[in-house]
Amino acid sequence: MSEPFNEIPKQYNPAAAQEKWAAFWDENNLFHSQPNSNKKPFCVVIPPPNVTGALHMGHALNNTLQDITVRMKRMQGFETLWIPGVDHAGIATQAVVERRLLLDEKLTRHDIGRDALIQRIWDWKEQFQTRIISQLKGMGCSCDWSRTRFTLDEICAKAVRHFFFKLFEQKRIYRGKRLVNWDTHLQTAVSDDEVCHETVAGNFWYIKYPVIQPKHGEPEYVVVATTRPETMLGDTAVAVHPDPETALNKVIGDLKKRLAAAPEKEKADLQKELDETQNRLCASGNTNSVLDQLKTLSQMATQGRNVMLPLADKPIPLIADVWAKPEKGTGCVKITPAHDPNDYEVGKRQELQMINILNKNGTLNENAGKYAGLTIKQAREKVVADLEERGLLVSVEERIIELAHSDRSKTPIEPFLNDQWFVKMDELAQNAIDAVNNSEVKIIPERYKKGYIDWLSEKRDWPIGRQLWWGHRIPIWYCYGATEKELQKAFAGRNDISWQWDSENDVWWICSQTEDLSEDAVSGYKIVQEEDVLDTWFSSALWPHSTLGWPDQTPELDYYYPTGVLITNRDILTLWVARMVLAGKFNTGKIPFYEVYIHPKILDKYGEGMSKSKGNGVDPISVITKFGADALRFALAFLTTENQDIRLTLDFECPYCETIVEQTKKNRTQPQIVCPKCGVPFRTQWAETESDKMLTEGPMIGERFEVARNFCNKLWNAARFVLLSLQEFRLQEPQTQLHETGKSQNHSEVPHEVYFLEDRWILSRLATVTKNVTESFETYRYADAMRFLYDFAWDEFCSFYVEMVKSRLANATQRNQAQTVLIHVLNVLLRLLHPVVPFVTEEIWQRLRLLCNNIGGDAKSVAIASWPVADESVIDVEIENRFKIFQELLRAVRDVRASRNVPPKTEITFAVRCDAATATLLKPMEPYFLSMAKAKATGWGETLKLPVLSSIVPLAGMDVYVDLSDLIDVTAEIKKLEKEITKLDGFIKSKESKLNSDFINKAPLTVVEKERQSLAELQEQHRSAIDAVTKLKTVT
RNA sequence: GGGCGAUUAGCUCAGUUGGUUAGAGCGUUUGGUUUACACCCAAAAGGUCGGCGGUUCGAACCCGUCAUCGCCCACCA
């Protein structure tokens, strides 16, 4: 120990403890785990953070909760393994690196090529993996760092290959067309999550499509409406509802129902909508009703009639499809299967041609005829102009439309038809549904189960390809022209190669389970690998078993799998959790984890989620620097309740003058902020330029972290008190083995009389708290556990037990026993707190261990000391109730002191009128009234010689008379008592009426009895208050 | 449009299966350097539990409904 004991600082120094104990745990390999047949396994896999950037408070929460569970399990004697790692996060990571490339060097990925880009992403990944791991270590996470994995490393790659190969062999993988969100600027597909909808001013064009050879009574045109006229070049049909009358009537019926049930506010709008829809049924003047027109068109559609697609000048079919809603627009809709997701579905149903009119860079391609080469915007203008010229434009409406934009490039998204690899979900999804439905996998809180089941129940096939460079490349090679015999010959004797014939494209798909194939693997033909990479979730779906070595039957897989619990965020319950369950079942036949705990979301002070794009994310290290890792963890755990998200109000603090600079939406993304008070600029976490980085960083502060920091310091000081006492008076041979294992195993053998009331009280409370804390942590009720610990440590241990034990420590004959209990309680408390505040507890525990040798058994760290087990035999309700009376009395006396402004050094005297039993109980506590309230008791019991001038506090079952002699203000006393009497009157009246009602017949007997007793007590209090007033009045 | 959650003291939140007078921290007020702690101690003030209706002997809690806020999913020719 570097510090001599007599120099225990008054304030806990988190930075020093963090550094020292992190190194100590590391050197002693405490968190390394290996299969051990003598112990039960407990394994947790980290939700691998994306290597896109540094961790924020959301991660801090996630990992704090995991570490709490993991540390507790380890102390409970499980062979505990927490596997760390990071995720390559395909799209997101490639995008940040590309953006950086463009920003710094004005280059695109096409300029530098695939290999160079990937190299840059690896560099990025190395940088952020290092940062992330150091953040996790800084937080105190007890991961087995020797098992750190990356979703793109060889071990994970091997698992990905095996998974893919197995799916391929079982014909669960197929290739199909799919519309992707195409970012024409970045020239990449982006996921649905990376699309944001923005409202923009747009137009709604009504366009005539001429009917080819209209018969008598048939319309000459079909009018369709669109916000995207240029896409008409890719139209392959116009749709009308097959039975518009029924459909329209159904809509009208629904609207009427909604109208009847709607709140007043919405009625006007609904009525309008209903009127408009109903108008479609009626003919006006000499024109047919909308419905009649649609009926005619619907008939024409069934006859296989065509309309002329203007500008392209080619016939396209009029089709009947339910997608065309008779209540919307003109009731007819143009179908552009290659550029609209809904139209694509129609196209598939109706077997329409799908014409892609776009190039990947967002210009029109040769399918657009004379419009080829124009940008979308140019093409739109030209198309509209041409239509107008030909008289085919009916009208234009202005309209606010929601347009999908790429989150990354902020340019509009184009739905773009692409070849895509899919995994069939039917059976796989069903297995994952079953696992949750039959509670093999338990989702906590249970309400999240529904989302999981609903999502999987759609059984939508999983598109697994991404048009990216960063990721696991799809292990498929294309071979054109070869015969199956040639393939058989090329891969003779290889069971790690499988192939299928793609009849649509006349090509062989060759899938390799292990190694990459060279282009001449099939002699006489050049084979080429698929360019696309796999969806990131394809590899993270395997995380629980791939990290343990699957597909190899490693001892780890055998021992640790299925893992214990997965602790994660709610928004990846489907994308990730569901897929882990289905992949786990598919690959190993087993579920990946028994429990899934979904924790709250971290919100900022405005109630918004933290995200990189908003800039409201906060680096946990910034909080650690200011308050310490323990405070960070403590605060987060304290806020983790079952159904409330965590709102964190964080503000900047000027590093020079400590002025609080409120974080606003405006300044939260700025690299530097000028302190409004001292005028000196300081940097924030967003500092990027050299000059900004030179500034001192202003830490983020928040009330919740202060509270937590204060708690750590309180614990530190309570321990300091114990340690100082032990330094002065070394503990003699302990009377009992209370502190040996954290369990007061021998306590019940010790006669109760040996212990003082406060000893029995604190031991009873400790047992209860141990039980409560354990139960709460085991059921992921973190906030409950924290409350138990906080209240016990602060209010019961520090404010009462430590205070009361002081006099006994000064007494040589009583000292040993007091110290024994003190050490025992502290030891158990440290263990219970250790999972949450590992550093401060280790620091204290190690110091304690040096002074009393056997507090930890064999354990050299509290991290591997045994978890306390509540000894329920010491729970003593009677003692706890008695103690409550003492506390109440003490508060009453203190209150009199405080409210009468009696100087702290002035001793006061008091007497208590109570029954004999209470008197017997309280008499021995006299010294505590003296030491804790500087109040001397002059009498206890039924008959007392009472001081004449006293403040009287009526309590349940007793009255306290505090002698104030010359300090008393009789008028004020009377006033106070009269107020009390009024209050009591109210209570008594309400109780009386309650007891005169049906209550006594219907409520359970115990409740009625309780009420009766309570009334009696109130009446007694009332009586004594009246007496007191009478007495005081005689004095005046 | 579908689903989920929230609304309790000035602020941030607890509140077990319905059962005495609804709790905590911060903030506020008062008084304090009482040999662990001013990151502290002692005490006080502060709430018709979002509105309305219902069930019940009894509702912060259960049911209905309205209002406000947030999140997720789907969709918008």
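Throughout, a chain's letter reflects where its sequence line sits, starting with A, and its residues are numbered from 1.
Comparing B:C37, B:G19, B:C4 by their closest approach to the side chain of A:Arg447 singles out B:C4. Of the candidates B:A43, B:C13, B:C75, the closest approach to any side-chain atom of A:Trp323 belongs to B:C75. You'll find that the side chain of A:Leu1018 is closest to B:U21, out of B:C37, B:U21, B:C57. Looking at the side chain of A:Lys991, the nearest of the listed nucleotides B:U21, B:C37, B:G25 is B:U21. Among the nucleotides B:A36, B:C39, B:A42, the one closest to the side chain of A:Asn710 is B:C39. Distance from the side chain of A:Phe721 is smallest for B:A36 among the nucleotides B:A24, B:C39, B:A36. Of the candidates B:A24, B:G25, B:G19, B:G25 carries the atom nearest the A:Glu703 side chain, counting heavy atoms from C-beta on. Distances from the side chain of A:Trp794 to the nucleotides B:C40, B:A36, B:G19 place B:C40 closest. Side chain of A:Ser1014, nearest nucleotide from B:U20, B:G19, B:C4: B:U20. Taking only side-chain atoms of A:Lys601, from C-beta outward, the nucleotide of B:C13, B:C72, B:C40 with the closest atom is B:C72.
Straight-line distance between the P atoms of B:C57 and B:G25: roughly 38 Å, to the nearest whole Å. B:C62 and B:G1 have their P atoms separated by 26 Å, given to the nearest Å. To the nearest whole angstrom, the two C1' atoms, one in B:A45 and one in B:C63, are 37 Å apart. A distance of about 22 Å separates the P atoms of B:U16 and B:C11, rounded to the whole Å. As rounded to the nearest Å, B:U30 and B:G46 have C1' atoms that lie 15 Å from one another. Atom C1' of B:G18 sits at a distance of 15 Å from the matching atom of B:G54, rounded to the whole Å. B:U48 and B:A22 are spaced 12 Å apart, taking the P atom of each and rounding to whole Å. Taking atom P on both B:A43 and B:A24, the two are 12 Å apart, rounded to the nearest angstrom.
Distance CD1 (A:Ile646) to C1' (B:C13): 11 Å, rounded to an integer number of Å. B:A14 atom C1' lies 13 Å from atom OH of A:Tyr790, rounded to whole Å. Going from atom CD of A:Gln1013 over to atom C1' of B:G19 covers 15 Å, rounded to whole Å.
If A:Arg781 and A:Phe797 are placed on RNA chain B by their nearest nucleotide, the residue sitting closer to the 5' end is A:Arg781. Looking at which nucleotide of RNA chain B each of A:Asn713 and A:Val802 is closest to, the 5′-most match is held by A:Val802.
Between A:Thr330 and A:Arg280, the shortest heavy-atom distance links the atoms C-NH1, 4.3 Å. Across every non-hydrogen atom of A:Phe886 and A:Met804, the tightest pair is CE2-CE, 3.8 Å. A:Ser799 and A:Met932 get closest at one heavy-atom pair: O-CE, 3.6 Å. In this structure, A:Lys601 and A:Asp571 approach most closely via the heavy-atom pair NZ-OD1, 4.1 Å. Among all heavy-atom pairs drawn from A:Pro9 and A:Trp716, the shortest one is O-NE1, 2.8 Å. Here the shortest heavy-atom pairing between A:Ile823 and A:Val722 reads CG1-CG1, 4.3 Å.
Residue contacts shown for A:Glu803 include a base, since a base heavy atom lies under 4.0 Å away. Contacts of A:Cys712 with the nucleic acid, taken as non-hydrogen atoms under 4.0 Å apart, are absent. Within 4.0 Å (heavy atoms only), A:Thr1006 reaches no atom of the nucleic acid at all. Counting non-hydrogen atoms under 4.0 angstrom, A:Lys806 reaches a base of the nucleic acid. Within the 4.0 angstrom heavy-atom criterion, no nucleotide atom of any strand lies near A:Arg228. Among the atoms of the strands shown, only primed sugar atoms or phosphate atoms (P, OP1, OP2) are found under 4.0 Å from some heavy atom of A:Asp895.
Nucleotide B:G18 has no partner under the Watson-Crick or G-U criteria, as no pair reaches both atom distances under 3.5 Å. Checking B:A67 for Watson-Crick or G-U wobble geometry (two distances, each under 3.5 Å) identifies B:U7 as its partner. Nucleotide B:A42 forms a Watson-Crick or G-U wobble pair with B:U30, both donor-acceptor distances falling under 3.5 Å.
Between the side chain of A:Arg720 and the base of B:C37, no donor-acceptor pair under 3.5 Å is found. Scanning atom types as modelled, one donor and one acceptor separated by under 3.5 angstrom connect the side chain of A:Lys714 and the base of B:C37. The base of B:A36 has none of its N or O atoms less than 3.5 Å from a complementary donor or acceptor on the side chain of A:Gln11.
Contact check for A:Leu889 versus A:Phe929: side-chain heavy atoms found under the 4.5 Å cut-off.
Remark: A:Lys714 fails to qualify as a cation-pi partner of A:Phe797 under the 6.0 Å distance and 45° angle criteria applied to the six-membered ring.
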